[in-house]
Protein chains: 2
Amino acid sequence: MTRSVVSVTVDLVLLTIRQGALQALLVRRGIPPFQGRWALPGGFVLPDEDLAEAAARELREETGVDPTAGHFEQLATYGAPGRDPRGRVVTVAYLALLPDLPSPVAGSDAAGADWRPVDDIEPGELAFDHDRILGDGIERARAKLEYTPLATAFCPAEFTVADLRTVYETVWRTRLDPRNFHRKVTGADGFVEPTGGTVIRDRGRPAQLFRRGPATLLHPPLLRQSSPPGS
Amino acid sequence: MTRSVVSVTVDLVLLTIRQGALQALLVRRGIPPFQGRWALPGGFVLPDEDLAEAAARELREETGVDPTAGHFEQLATYGAPGRDPRGRVVTVAYLALLPDLPSPVAGSDAAGADWRPVDDIEPGELAFDHDRILGDGIERARAKLEYTPLATAFCPAEFTVADLRTVYETVWRTRLDPRNFHRKVTGADGFVEPTGGTVIRDRGRPAQLFRRGPATLLHPPLLRQSSPPGS
DNA sequence: GAACGTTGTCGTCACAATGACGATAAAGCC
DNA sequence: GGCTTTATCGTCATTGTGACGACAACGTTC
C-alpha cells in the first residue's frame, strides 16, 4: 500500500457585512510561496489538534474573534496534487459568518490583513486555489440563508428586521420588499424573538429589536428565486 | 511553525435502495486495526492523486461501479487526533447515491463486502469513527432529497413515479400520498422527463417511464416536514 | 368474460404561503 | 404643522399543498 504523506492545513473563509457589502478577510502573504499575494487566512494543523480546533485557533490568531460570536462550519477539503508548490498539502476549509466586528483584525502574524468586498476580488488574484475556496464559501452562505436562520450570524446580538433584510439583500445582491420580508421573518417559527426594546437607526419610525430564535431550520424557508406568480 | 505530517485517506458512504430498505456498503476489515470489524470502504490517497480521483478509484475497486452511474460528492473531512490508532490519519469522506446494482460487489480486496440496511447497523459496530461518518452521509442524503433531484440517482436510467416515490419513502421513512407526489414530481421544472414508454410492475395499470430532467435544483422543493394545514 | 383487486393518473376543495402594493404609525427635519 | 423617512399592518389574487374522490388500465379469479 502506497500511503501518501501530506501536510494538512486549515483555511478560513471569513465573511461579514461591512459598509453595505459582503466582505471577506484576506491576508497578504509574508513568506513564499505567493509572497505578497492576498490569500485566505489559515495555517498548518498542529500535531495534536483536531481540525475544527485548528480552524478556531487560526480565527482567534488572525482576527482576535471569538469563534462562538457568529457561525462556524466546515466547508470542504481541497487536495489536488499541484495546488501548493511546497509539496502535497491538503487543506480543510472552514466557513465563518461574523457580525461586523469593531476588532481591528488584531494580532495577525501575516504581513497585513484586511476586509475586502468580495466583488472587488479579481479572479486569479488570490494565492493557491483560494479563489475557488472563497467562491464555494460564498455559494454555501447564499444557499444556507434560504433554509436556515444563519443570516442572524451576520448581525449583532440584537438587531432589527431591517438589519436582517440588509443581510439578505447584500448576500443575495437583491432587493426584497420590506413588508413581505417583515411578515416572513416574524412568521417563521423560532427565527427571531422580540427583546422588547426599540431603536432609531437614522430616520423614520423606531424599529423593534430582536434576538436569534431557537430554530435551526427555517419553516417556511425564505426562498431566493421564487417563480413570479403572475406569469 | 510546527507542521503536522499526516496520512490522508478517503472513505466512502455508498448508499442504495435494495429490498425496500436504505442500505450502505460495508466491508469487513482484513487487517488491523479493527481487524474483522465492519467499516466503510476506503483507502489511502496515492501520492499524485486528487481526492475525488482517489474516491472514484476506491469506488471502482470496491464495487466495480462506474462513479458516473449515480451521484457523487464530497461529504466532509474527519481528523480528530485519536481517530486512528496507527497515527494521525485525516480522512476525506465522499457520499455516493447509487441505483440498485446487479454487480456483485466484485473485486474487493477486503475480507468481505456487503450491502447492509442502515437501520440494522448497531451504534459502535463500525471501525474508527465510521459510525458518525455514515450518519452524516445519511443525513446529507435526507436533506438533499428536499431541494435537489438527487433521488433519481437511486433509480436506473428509466423509472416510474412510483419508483421515485419509493426512494423518498425509504430514505425519509415516511409514507407519501401517491397522488400529491405525482403532481409535485411532474410539476417541478426539469425534475423528470417522460420517455414515452410504459411498464407494468406487478399488478395494476401500466405506469409511464421517466428519465432525469436537466434541473439541478428543485423548484418548488419537496419539503419533508410540512406543517399540517388544518391545525 | 364479467367481477374484482391493484396501481397509476387526473381533479377538487380548503387552507397556507407568496408577491404586489395600499394604508397607517412614529420618528426627525424644515 | 407639514414633509420625509422608515416600520409595521392589511388586502388581494395567485400559487402550492394536504386530504381525498374519481376514473383508467392492467392481471387475476370465478
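Letters A, B, ... mirror the listed sequences (proteins, then strands); counts begin at 1. Only this structure's heavy atoms are used, side chains among them; waters, hydrogens and symmetry mates stay out.
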Report summary line: When rounded to whole Å, the NE2 to C1' distance for the pair B:H182 and D:dC23 reads 14 Å
Requested in this report: Please report, rounded to the nearest Å, how far the C1' atom of C:dA17 is from the NE2 atom of B:H219.
Outcome: 12 Å
**Report entry** Residues in salt bridge (Lys or Arg N to Asp or Glu O under 4.0 Å) contact with B:D120, at least two apart in sequence or another chain
**Finding:** none
Query raised in the report: What pairs of residues pass the side chain to side chain donor-acceptor pair (under 3.5 Å) test when at least one of them lies in residues 128-138 of chain A, not counting sequence neighbours?
Result: A:D11-A:H130, A:Y78-A:D136, A:R83-A:D129
Report summary line: Assign each of A:A207 and B:L222 the nucleotide of DNA chain D bearing its closest heavy atom; nearer the 5' end lies the nucleotide of A:A207
Query - Pairs where residues 188-215 of chain B contributes a residue and the test side chain to side chain donor-acceptor pair (under 3.5 Å) is met, not counting sequence neighbours - result: B:D163-B:R201
Requested in this report: Starting from C1' on C:dA16, measure out to NZ on A:K184 and report it in whole angstrom.
Outcome: 13 Å
Report summary line: Those residues at least two apart in sequence (or on a different chain) that pass salt bridge (Lys or Arg N to Asp or Glu O under 4.0 Å) with A:D66 are none
Report task. Could you list the residues that satisfy side chain to side chain contact (heavy atoms under 4.5 Å, CB included) with B:P99, not counting sequence neighbours? Result -> B:L101
Query raised in the report: What ring pair (Phe, Tyr, Trp, His ring centres under 6.0 Å) pairs are there with at least one residue in residues 143-165 of chain A, not counting sequence neighbours?
Result: A:Y147-B:Y147
Query raised in the report: Is a donor-acceptor pair below 3.5 Å formed from side chain B:R183 to base D:dG16, judging by atom type as modelled?
Result: no
Query raised in the report: For the pair made of CD in A:Q208 and P in D:dA7, what is the distance, rounded to whole Å?
Result: 12 Å
Query raised in the report: Who passes salt bridge (Lys or Arg N to Asp or Glu O under 4.0 Å) against A:E73, sequence neighbours left out?
Result: A:R140, A:K144
Query raised in the report: Looking at side-chain heavy atoms only, is the closest gap between B:T91 and B:L40 below 4.5 Å?
Result: no
**Report entry** Rounded (10°) bend between the five-pair end axes of the helix from C:dG1-D:dC30 to C:dC30-D:dG1
**Finding:** 10°
Report task. For DNA chain D, find the residues of residues 163-181 of chain A with a heavy-atom distance under 4.0 Å and give them by number; none if there aren't any. Result -> A:R165, A:R179
Report task. Would you please name every residue forming a ring pair (Phe, Tyr, Trp, His ring centres under 6.0 Å) with B:W172, sequence neighbours left out? Result -> B:Y168
Requested in this report: State which residues pass salt bridge (Lys or Arg N to Asp or Glu O under 4.0 Å) with B:R183; sequence neighbours excluded, sorted by chain then number.
Outcome: none
Review item, nucleotides 26-30 of chain C N/O atoms under 3.5 Å of protein N/O:
none

Requested in this report: For residues A:D119 and A:R173, determine if any side-chain heavy atom of one lies less than 4.5 Å from a side-chain heavy atom of the other.
Outcome: yes
